[in-house]
Amino acid sequence: CCLKVKPELCFRDVPSVDILVWSELPTGAGLGSSAAYAVCLAAALLTACGAISCPLKEGEATARWTEEELTLINSWALQGERVMHGNPSGVDNAVGTWGTPASCRKGRGKERFLVASRVPLLRILLTNTKVPRSTKVLVANVKEKILKFPAIMNPVLDSIDAISQECQSVLEAMPANPSPEHYPVLE
């Protein structure tokens, strides 16, 4: 991917770096900690090698990478997720890259990520069950079940897709027209 965007940067000397990582997200709990790590690591290394700019200027409180730079960060973060999880959807790293909800549409051998531009402020309760899980194992198990029981699994996946699409429609409608009627649909 780097070769397509800026080939001259791929053969430069990369400076020596020390990377310190800490997180308040528990690992192995399905909360996207590996994607958060992959996005941060990709952004740091791409900045260190000069493939993307450092958007934060002295005296400024906030900064943002360009859409092209975010896409490059996301593509490298997805590669990191593939190392950790085998065949992830790419949604977690897209959320971590753009900092907003995203959905993934697969079709014709390609994935297309839809990143929401405006979402409502919601109060969400997350509970860490402290039951460790491996996303790589879970993804492999789902794939195995789809191959073994397609007549059962495909309708289940279609139902999950329909729920996701309905939820996305409600979330997109809420910023322009907040209504208490939206919450029962989301529940």
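Here the structure is a predicted model, which is why all the values come from computation and not from measurement.
Taking CD1 from Ile152 and CD1 from Ile146, the interatomic distance works out to 12.5 Å, rounded to the nearest 0.5 Å. Note that the CG atom of Leu70 and the CZ atom of Arg64 stand 5.5 Å from one another [nearest 0.5 Å]. Going from atom CG of Asp92 over to atom CG of Leu31 covers 9.5 Å, rounded to the nearest 0.5 Å. For the atom pair Glu67 CD and Thr71 OG1, the distance stands at 5.0 Å (nearest 0.5 Å). Interatomic distance, Thr97 OG1 to Leu72 CG, rounded to the nearest 0.5 Å: 10.0 Å. Between the CG atom of Leu78 and the CD1 atom of Ile73 there is a distance of 14.0 Å, given to the nearest 0.5 Å.
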Exercise for the section: Could you give me the CA-CA distance, side-chain angles and deciding distance for Val39 and Asn74, then say whether side chain to side chain contact (heavy atoms under 4.5 Å, CB included) is met? Expected result: CA-CA 7 Å; Val39 169; Asn74 187 56; 5.5 Å; no
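Within the 3.5 Å criterion, the main-chain N or O of Val131 finds a donor-acceptor partner in the side chain of Thr129. Although no hydrogens or angles enter the test, the distance criterion places a donor-acceptor pair under 3.5 Å between the side chain of Glu69 and the main chain of Ser53. Asn154 places a side-chain N or O within 3.5 Å of a backbone atom of Pro150 that can act as its donor or acceptor partner. Trp65 contributes no side-chain N or O that, together with a main-chain N or O of Ile52, makes up a donor-acceptor pair within less than 3.5 Å. Listed for the Asn93 side chain is no donor-acceptor partner under 3.5 Å among the backbone atoms of Ala77.
When all heavy atoms of His182 and Asn177 are compared, the closest pair comes out as CE1-O, 3.0 Å. Leu186 approaches Met174 most closely through the heavy-atom pair CD1-SD, 3.8 Å. Residues Lys136 and Gly86 come closest through the heavy atom pair CE-N, 4.0 Å. Considering every non-hydrogen atom in both Gln165 and Asp161, the closest pair reads NE2-OD2, 2.7 Å. In terms of heavy atoms, Pro184 sits closest to Pro180 at CD-O, 3.2 Å.
Environment of NZ in Lys130: sparse, with no more than 12 heavy atoms of neighbouring residues, nucleotides or ligands closer than 6.0 Å.
Residues Tyr183 and Val170 are members of one and the same hydrophobic cluster, defined by side-chain heavy-atom contacts under 4.5 angstrom among Ile, Leu, Val, Met, Phe, Trp and Tyr. Side-chain heavy atoms closer than 4.5 Å link hydrophobic residues (I, L, V, M, F, W, Y) into clusters, and following such links, even through other members, never connects Met84 to Val137. Hydrophobic clustering keeps Leu157 apart from Leu147 (ILVMFWY residues linked when any side-chain heavy atoms are closer than 4.5 Å, directly or through intermediates).
Annotation: side-chain hydrogen bond (donor to acceptor under 3.5 Å, both in side chains) contacts involving residues 27-39, sequence neighbours excluded, comprise Ser34-Glu81, Ser34-His85.
Listed by chain and number, the residues in a side chain to side chain donor-acceptor pair (under 3.5 Å) with Glu60 amount to none (sequence neighbours excluded).
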